[in-house]
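Just so we're on the same page: letters track the sequence lines, and every chain starts at 1. A quick note: this is a predicted structure, and the numbers were derived from the prediction, not measured.
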Amino acid sequence: MILEQEITAEITVAFKEAFNTELPIEQISLQPTRKEFEGTHTLVCFPLARLSKTGPEQTAQQLGQKLQENSDFISDFNVVKGFLNLSLTYKAWISTFEELTYDPNPGQLSSTGKEVMVEYSSPNTNKPLHLGHLRNNFLGWSVSEILKAAGNKVHKVQIINDRGIHICKSMVAWQQFGNGETPKSSDKKGDKLVGDYYVQFDQEYKKQISELEAQGLSKEQAETDAPIMKEAKELLLKWEDKDPEVYELWKQMNNWVYSGFDATYQTMGVDFDKLYYESETYLLGKEEVLRGLDQGVFYKKEDGSVWVDLSDQGLDQKLLLRSDGTSVYMTQDIGTAILRFRDFPKIARQVYTVGNEQEYHFKVLFLILEKLGYKWAKECYHLSYGMVDLPSGKMKSREGTVVDADDLMQEMLDTAEEHTKELGKIEGFTEEQARELYYNLGLGALKYFLLKVDPKKRMLFDPNESIQFQGHTGPFIQYTHARISAILRKANQVGYDELGDSLLKLESLEPVEIGVLKLLANFKDKIAEAADTYSPDVIAQYAYDVAKEYNRFYQEVSIFNEENRDKLKFRIAFSRLTAQTIKQAMGLLGINVPERM
RNA sequence: GGUUCCGUAGCUCAACUGGAUAGAGCAACUGCCUUCUAAGCAGUAGGUUGAAGGUUCGAGUCCUUCCGGAAUCACCA
């Protein structure tokens with residue numbers, strides 16, 4: 001990246017000399033040279049033709065000439081149409097390598113001095129986590145790491161929707177059908193147990209509705225009259241009144257869920273710095289809505305419900321408080337946002353990692369916060385990601401097509417084990433090391449699969465076709481790292497792992513080596529790009545490119561059979577730098593890279 | 001119906017934000033293990049970028065109109 005700055009600087013100078021005109025830096029579009037042409041960097045000269053007052057091709061030609069004459073690191077050039085392809089001297093590449101190798105903060109951009117909050121996960125406490133949550137968590141966690149690497153201080157948080165009618169449904173079902181079942185007594189994960197009662201509530205509810213309908217009630221009437229639903233609503237009221245018995249049950253069932261979630265989070269390898277609970281923020285949201293009402297930002301309808309009118313923004317009217325004074329989803333989110341900026345007054349940006357089905361909700365939320373007079377409202381950002389679809393379409397719990405997070409992760413571990421054993425690669429592994437490897441490979445494959453895709457886009461997951469371990473996958477990249485590790489172990493044994501003054505004595509580089517170096521030099525740029533666009537897929541693609549290019553080198557060039565000792569030492573140091581870069585890039589995705597596999 | 005997003009090889013995804021002959025992986029086919037790990041490497045084949053217009057040196061990318069799909073528009077969360 002420093003390389004590109006230097007090239008850009010040289011171009012500016014050369015342009016002025018050649019055409020006697022200033023070339024504004026933003027006009028310089030430097031891009032990687034396509035592999036069918038000679039060179040590594042390409043300057044697009046079409047836009048420059050206007051300034052140079054000659055054709056694009058001539059511009060490129062003259063500019064190339066000047067660069068070659070004046071620059072001590074541009075060795076050659078060629079022009080194809082308006083494209084100026086530049087080749088750099090091997091010395092330029094060696095000094096690039098040197099810079100990277102002795103970089104005291106590899107993979108870490110200098111501090112921006114900014115604090116960022118990233119919210120992700122935020123599940124309901126009535127259903128176990130599923131495939132969609134996996135994408136959400138991996139994304140949010142990875143974006144957090146990328147933002148850190150880009151020089152920000154990051155707070156990872158989530159809001160837990162622990163309050164509301166949904167949890168009351170599980171409570172009612174448990175009271176009616178549970179016979180005092182606990183996670184311990186049934187040996188079930190707490191979130192699964194509570195989830196089962198939620199399903200049971202739904203079944204019972206439907207049964208009661210059809211019974212009532214059979215008795216001649218209308219559908220709407222049956223839905224409100226069903227005894228089990230009445231009971232759930234009653235429970236919610238009691239909860240709001242802090243009825244001790246109800247509150248106790250609520251707490252107990254939520255705790256079951258939390259311990260179940262914790263186990264899942266641990267397997268996923270994600271964590272949080274702070275948790276927010278809806279039960280602790282919704283009252284603040286209510287206050288804010290009432291304050292807004294006083295200030296005339298909102299208005300009240302005859303039935304007592306409170307609304308905001310966003311028709312001047314091209315949106316509709318939106319309910320903020322029900323006629324009975326209870327809060328809705330939006331109310332809680334208003335409270336949460338405000339509380340967060342109170343807790344962390346310095347945060348410059350708040351990122352909400354939430355599915356794209358809620359785009360409208362967040363648009364409205366941010367507008368409301370602005371109307372309430374919060375200046376930071378424009379710093380709120382909805383990191384909207386696409387759903388994970390199954391071949392049959394959307395996941396539907398009613399149709400039993402939900403892919404459970406725990407099950408899927410376990411399946412990945414099993415597949416990893418199967419593959420590894422098939423390949424006969426666990427010689428000399430202890431039981432524990434083998435298990436660790438299966439975990440790293442299984443989760444690596446899963447995380448890579450979910451993160452390599454542009455977050456904004458919906459993606460497809462076919463449960464019948466297991467996630468690949470070959471090709472453009474996590475294990476491919478992990479494998480490259482393991483191979484390099486083997487080389488480094490050997491180098492350490494044979495004693496060639498010190499670079500010494502070998503770099504000074506090198507007289508050439510292989511094209512593949514330059515290919516890898518060019519990629520390695522891009523790492524920080526990629527981090528910046530990924531941070532700017534909240535896109536772990538940029539890093540995923542990058543790690544793949546590095547691994548792919550290194551494998552080419554590995555195949556073409558021998559390390560330990562190299563007779564020239566300086567070359568040999570360089571290749572080892574070069575391999576080490578590659579491994580380090582792969583490790584860091586994969587680390588940003590939450591993927592561990594093994595030393596052996 | 002209004003709004004927003006999407007449509008690229010048989011399948012899953014890219015394309016440096018308007019740049020060269022649209023690239024990878026999987027699946028298919030052909031080579032490469034007595035040499036640092038073949039979860040690898042090299043190659044063949046596969047495309048009218050949903051369609052038609054337009055903008056310009058240049059369009060998968062921007063504009064218009066169609067076609068097809070998704071999300072959203074609740075006193076649900």
Touch check for [X], heavy atoms < 4.0 angstrom, all strands: base, sugar-phosphate only, or nothing?
X         : value
Arg552(A) : sugar-phosphate
Val557(A) : base
Pro47(A)  : base
Thr420(A) : base
Met597(A) : base
Lys35(A)  : sugar-phosphate
Leu315(A) : nothing
Val44(A)  : base

Mind checking who [N] pairs with, Watson-Crick or G-U wobble, both distances under 3.5 Å?
N       : result
rA51(B) : rU65(B)
rG19(B) : rC57(B)
rU12(B) : rA24(B)
rA70(B) : rU4(B)
rC41(B) : rG31(B)

So for atom [atom1], which belongs to [X], do other residues, nucleotides or ligands contribute more than 12 heavy atoms lying within a distance under 6.0 Å?
X         : atom1 : answer
Arg489(A) : CZ    : yes
Arg596(A) : CZ    : no
Lys526(A) : NZ    : no

Per the atom types in the model, does the base of [N] pair as donor or acceptor with the side chain of [X] at under 3.5 Å?
X         : N       : result
Asp316(A) : rA74(B) : no
Lys425(A) : rU37(B) : yes
Thr480(A) : rA39(B) : no

Report yes if a side-chain nitrogen or oxygen of [X] is closer than 4.0 Å to either non-bridging phosphate oxygen (OP1 or OP2) of [N]; otherwise report no.
X         : N       : result
Lys548(A) : rG25(B) : yes
Lys394(A) : rA70(B) : no
Lys452(A) : rU12(B) : no
Arg34(A)  : rA20(B) : yes

Just the rounded figure in Å: distance from [atom2] of [N] to [atom1] of [X].
X         : N       : atom1 : atom2 : result
Arg458(A) : rU8(B)  : CZ    : P     : 13 Å
Asp537(A) : rA15(B) : CG    : P     : 7 Å
Phe83(A)  : rG18(B) : CZ    : C1'   : 11 Å

### Task
Mark this stacking check for Phe46(A) against rG19(B) as yes or no, applying ring centres under 5.5 Å and ring planes under 30°.
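Base of rG19(B): stacked against Phe46(A).
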### Message
Ring centres under 6.0 Å, that's the criterion: do Phe476(A) and Tyr479(A) meet it?
### Response
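Ring centroids of Phe476(A) and Tyr479(A) are no less than 6.0 Å from each other.
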### Tyr448(A) ring center near His472(A) ring center (under 6.0 Å)
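Here the rings of His472(A) and Tyr448(A) have centres that are less than 6.0 Å from each other.
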### Proximal nucleotide (of rU35(B), rG19(B), rA39(B)) relative to the Pro475(A) side chain
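The listed nucleotide nearest to Pro475(A)'s side chain is rA39(B).
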### Task
Going by the ring-ring contact (aromatic ring centres under 6.0 Å, His included) test, name the single residue among Phe46(A), Phe37(A), Phe77(A) that passes it with Phe83(A).
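Per the ring-ring contact (aromatic ring centres under 6.0 Å, His included) rule, the option paired with Phe83(A) is Phe46(A), out of Phe46(A), Phe37(A), Phe77(A).
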#### Entry: Given RNA chain B, 5'-ward residue of the pair Leu321(A) and Leu84(A), judged by closest heavy atom
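The residue whose closest nucleotide sits nearer the 5' end is Leu84(A).
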